[in-house]
Amino acid sequence: MAQKPSIPKGTRDFIPAEMTKRRYIFDTIRSVFTLFGYHAIETPAMETLDTLMGKYGEEGDRLIFKILNSGEFQQKISAENLSHNSSQQLAAKLCEKALRYDLTVPFARFVVQHRNDIQFPFKRYQIQPVWRADRPQKGRYREFYQCDADIIGSDSLINEIELVQIIDSVFTLFDIPITIKINNRKILSGIAEIIGEPEKIVDITIAIDKLDKIGLENVQKELASKGLTEEAINKLNPILSLSGNYTEKIHTLSQLLDASEIGKKGIEETEYIFSSLSHLSISADVELDISLARGLNYYTGAIFEVKSQTVAIGSICGGGRYDNLTGVFGMPDISGVGISFGADRIYDVLNQLDKYPQEITQTTRILFVNFGEQESQKALQYMQSVRKQNIACELYPDNAKMKKQMKYAHDKDIPFVAIIGEDELRSENITLKNMSTGEQTSHTINSLCTEIK
RNA sequence: GUGGAUGUAGCUCAGUUGGUUAGAGUACUAGAUUGUGAUUCUAGGGGUCGCCGGUUCAAGCCCGGUCUUCCACCCCA
């Protein structure tokens, strides 16, 4: 026997039942994006390696899937290159293309490239797969979909507020209870400035992020090992032990960051966002979380992250403000802000909560039973009328046992079955069976359509 | 990239100190029921025990390697 076929690590097939659920997720997110005035774009699965490299930090570069050049690429590699260069450098010579790692960087490239064709502020959404050479785990795949909405070319904080509303709308539709965590990169910069270690902002935020997991003492140890002085660590203490509700947190922070211009700016922005949200109807819990440190490589203002309150799976949506993402592609001073929904994790959460609307599994509305040549010909005629009423129907293609055809309807969750046998042919009627009640009634084609609509 | 587990029927899992022909539930197919699908009863098909190698008279079980999936770290959606 041939070896069983397989698919690459971290990738998945989807059977029809799974696709139905996934499409429901994509359609829901898409409908909200549209409702808020965003337009769809698509970019290629692969980008040039130059476009992607260096945009995601050292860790990110390692996780980019590279595509081997076609043709006689090996002849261009000198023996010296082969023996002396690192695999990283060699890869750069063997590969000119790579699979996209996220949708934000290709979008920045897109904006720069099409700057004369698009209207600013530019609101776009994009639902496409991305690839990461990560080690797979639960909720972590090598191929997964991101659903991004970004607005570029506007500094207004209205955009941040709108994105929070989008997040809230989407998860309200999914009926997933969530917490939206908000932070601001400028607050983090302010903190680093105040304690006199502006260079160490990344180390500091990563350490703060671990507070829940490893405790205050270990965080302090970690900070010391990163080269922070005892004095600096002591200055950080009030921030590490920051607690209470939003008002208390923001009050403490404004006192601590009074001497930092950038810190004050961050607080001002955050207060504006929270105050505006408080006048809107938002179902999700929204909290200020200064330990939120995601995407430090390019975020410059507000940072968002969404977590399910009931299912532990990492963040299911994230985003933030980036002031100069297009700068690296030669278009400076354009500010953007965006969010990304992790459709595959939302899929996992919904599966766990089993919160799909019942309607989505129903595709065919009525199945016509096949009793043989004459009967199925009649059914085909009837079905034209049914489809004209925009009712999805199908005829069982084989003259199989009725039991089997009934089971087919049952398994496919088809709510109605039309029976046209000898008797019905004679009387010009259709017997309609309601699969949920088991009731059978006699109909003309017109009354049948009305009945099942 | 680091550390730790896992793999037996389509799915969920039993399988004793290594010992005849590897089991159960469920799903599937057929029949009981020749015009009726969530129940019931009966029968049937389906396995290179992840893969490769080693130890042994003998391996699902022991050893080595490899792949997969999963968990923690890292990072992230």
Side-chain angles (χ1 to χ4, degrees), chain A residues 1-12 15 25 29 56-64 87-88 100-104 127-148 167 202 205-206 209-210 213-214 222 292-297 299 303-308 312-320 338-349 367 369-372 375 396 399-425 431-440:
Chain A
M1 194 178 90
Q3 238 190 358
K4 277 184 189 170
S6 64
I7 53 175
K9 187 195 283 204
T11 64
R12 293 154 299 160
I15 60 173
I25 293 170
I29 293 172
Y56 308 104
E58 207 178 313
E59 179 82 5
D61 284 354
R62 204 166 50 79
L63 299 179
I64 293 172
S87 57
Q88 187 85 240
R100 73 165 96 78
Y101 175 90
D102 70 356
L103 300 178
T104 308
I127 298 178
Q128 289 192 276
V130 302
W131 294 268
R132 293 183 190 179
D134 210 345
R135 183 179 285 204
Q137 284 180 32
K138 193 173 207 72
R140 178 180 297 190
Y141 308 101
R142 288 186 149 184
E143 178 186 60
F144 61 96
Y145 273 79
Q146 287 192 331
C147 311
D148 276 30
I167 293 171
V202 173
T205 48
I206 287 174
D209 186 41
K210 289 182 181 168
K213 283 183 191 167
I214 62 175
E222 176 154 336
L292 181 56
R294 62 185 313 289
L296 275 175
N297 283 306
Y299 289 134
I303 308 173
F304 309 107
E305 184 172 278
V306 177
K307 289 214 158 170
S308 159
I313 197 165
S315 71
I316 50 182
C317 177
I339 47 166
S340 176
F341 290 87
D344 296 84
R345 285 185 178 174
I346 294 172
Y347 173 70
D348 289 343
V349 171
L367 174 79
V369 174
N370 187 325
F371 272 107
E375 292 87 343
Y396 197 88
N399 182 6
K401 290 218 164 86
M402 186 144 176
K403 181 186 170 106
K404 188 168 181 172
Q405 302 192 38
M406 281 294 177
K407 188 165 164 45
Y408 176 83
H410 176 247
D411 288 348
K412 276 189 72 175
D413 212 5
I414 299 174
F416 295 100
V417 171
I419 298 166
I420 303 161
E422 254 179 86
D423 301 346
E424 286 82 359
L425 270 187
T431 301
L432 175 71
K433 174 165 177 144
N434 181 322
M435 292 296 279
S436 55
T437 62
E439 257 180 324
Q440 289 191 193

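In what follows, every chain begins at residue 1, and chains take the letters A, B, ... in the order their sequences are listed.
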Work out how far the C1' atom of B:rG65 is from that of B:rA9, and round it to whole angstrom.
27 Å
Classify the angle between the aromatic ring planes of A:Tyr408 and A:Tyr396 as parallel (below 30°), tilted (30 to 60°) or perpendicular (above 60°).
perpendicular
Figure out the CG/P separation between A:Asp134 and B:rC70, and round it to whole Å.
13 Å
Separation of atom CZ in A:Arg142 from atom P in B:rC75, rounded to whole Å:
19 Å
Can you check the A:Trp131 CH2 to B:rC76 C1' distance for me, whole Å?
18 Å
Listed nucleotide nearest any side-chain atom of A:Arg140, set B:rU68, B:rC74, B:rU36
B:rC74
Using the C1' atom in both, what is the distance from B:rG19 to B:rC62, to the nearest Å?
15 Å
Using only modelled atom types and a 3.5 angstrom limit, is any donor from either the side chain of A:Arg135 or the base of B:rU69 paired with an acceptor on the other?
no
Mind checking if A:Gly139 touches a base, just sugar-phosphate, or nothing, with heavy atoms under 4.0 Å?
base
Toward the 5' end of RNA chain B, which comes first, A:Ser436 or A:Tyr101, by nearest nucleotide?
A:Ser436
How does protein reach along nucleotides 25-35 of chain B, written 5' to 3' as B (base within reach of a heavy atom under 4.0 Å), S (only sugar-phosphate), or - (no contact)?
---SS-S---B
Quote, to the nearest angstrom, the P distance that separates B:rU29 from B:rU39.
13 Å
Same-atom distance (P) from B:rU66 to B:rA72, integer angstrom
24 Å
Describe the nucleic acid contact of A:Gly10 in one word from base, sugar-phosphate, nothing, applying a heavy-atom distance below 4.0 Å.
sugar-phosphate
How far, in whole Å, is B:rG25 from B:rC67 if one measures between their P atoms?
37 Å
Any side-chain heavy atom of A:Phe371 sitting closer than 4.5 Å to one from A:Ile420?
no
Donor-acceptor pair, distance only, cut-off 3.5 Å: does the side chain of A:Arg62 make one with the backbone of A:Ala133?
no
To the nearest 0.5 angstrom, please state how far the SG atom of A:Cys317 sits from the CZ atom of A:Arg345.
11.5 Å
Does B:rU36 have OP1 or OP2 sitting under 4.0 Å from an N or O in the side chain of A:Lys433?
no
Quick one: which of A:Ile346, A:Ile127, A:Ile339, A:Ile25 gives a side chain to side chain contact (heavy atoms under 4.5 Å, CB included) with A:Cys147?
A:Ile127
d(CD1, A:Ile15; C1', B:rC11) in whole Å:
11 Å
Measuring only between side-chain heavy atoms, which start at C-beta, is A:Asp344 closer than 4.5 Å to A:Glu143?
no
Side chains of A:Asp348 and A:Tyr141 in contact at under 4.5 Å (non-hydrogen atoms)
yes
Base, sugar-phosphate alone, or nothing: which one does A:Tyr145 contact when heavy atoms must sit under 4.0 Å apart?
nothing
C1' spacing across the pair B:rC11 / B:rC75, given as an integer number of angstrom
33 Å
If you measure from the C1' atom in B:rA27 to the same atom in B:rG10, how many Å do you get, rounded?
7 Å
If you assign each of A:Ile7 and A:Gln146 to its closest nucleotide in RNA chain B, which residue comes earlier from the 5' end?
A:Ile7
For the side chain of A:Arg132 and the base of B:rC76, is some donor closer than 3.5 Å to an acceptor across the two?
no
Could you give the CD-to-P distance, from A:Gln137 to B:rU2, as a whole number of Å?
14 Å
If the C1' atom of B:rG4 is compared with that of B:rU68, how far apart are they to the nearest Å?
16 Å
Report the C-alpha distance between A:Glu424 and A:Thr431 in whole Å, list the side-chain angles of each, state the deciding distance to 0.1 Å, and finish with yes or no for side-chain hydrogen bond (donor to acceptor under 3.5 Å, both in side chains).
CA-CA 7 Å; A:Glu424 286 82 359; A:Thr431 301; 2.5 Å; yes
Start with the C-alpha gap between A:Met406 and A:Met435, add the side-chain angles, then the distance that decides, and say whether side chain to side chain contact (heavy atoms under 4.5 Å, CB included) holds.
CA-CA 9 Å; A:Met406 281 294 177; A:Met435 292 296 279; 4.2 Å; yes
On a heavy-atom basis, which atom in A:Gln405 and which in A:Leu367 lie closest, and how many Å separate them?
O-CD2, 3.6 Å
In whole Å, I'd like the distance from the CE atom of A:Met406 to the P atom of B:rG37.
7 Å
If you only use heavy atoms from C-beta on, which nucleotide in B:rG37, B:rC71, B:rU69 is closest to the side chain of A:Lys9?
B:rU69
Rounded distance in Å - CD (A:Glu59) to C1' (B:rC73):
11 Å
Encoded 5' to 3' (Watson-Crick or G-U under 3.5 Å; [ ] crossing; | other strand), RNA chain B becomes (((((.(..((((.....[...)))).(((((.......))))).....(((((..]....)))))).)))))....
Find out whether A:Ile167 and A:Phe341 are in side-chain contact, i.e. whether some heavy atom of one side chain is under 4.5 Å from a heavy atom of the other.
yes
Within this structure, what is the CG-to-C1' distance between A:Asp61 and B:rC76, rounded to whole angstrom?
15 Å
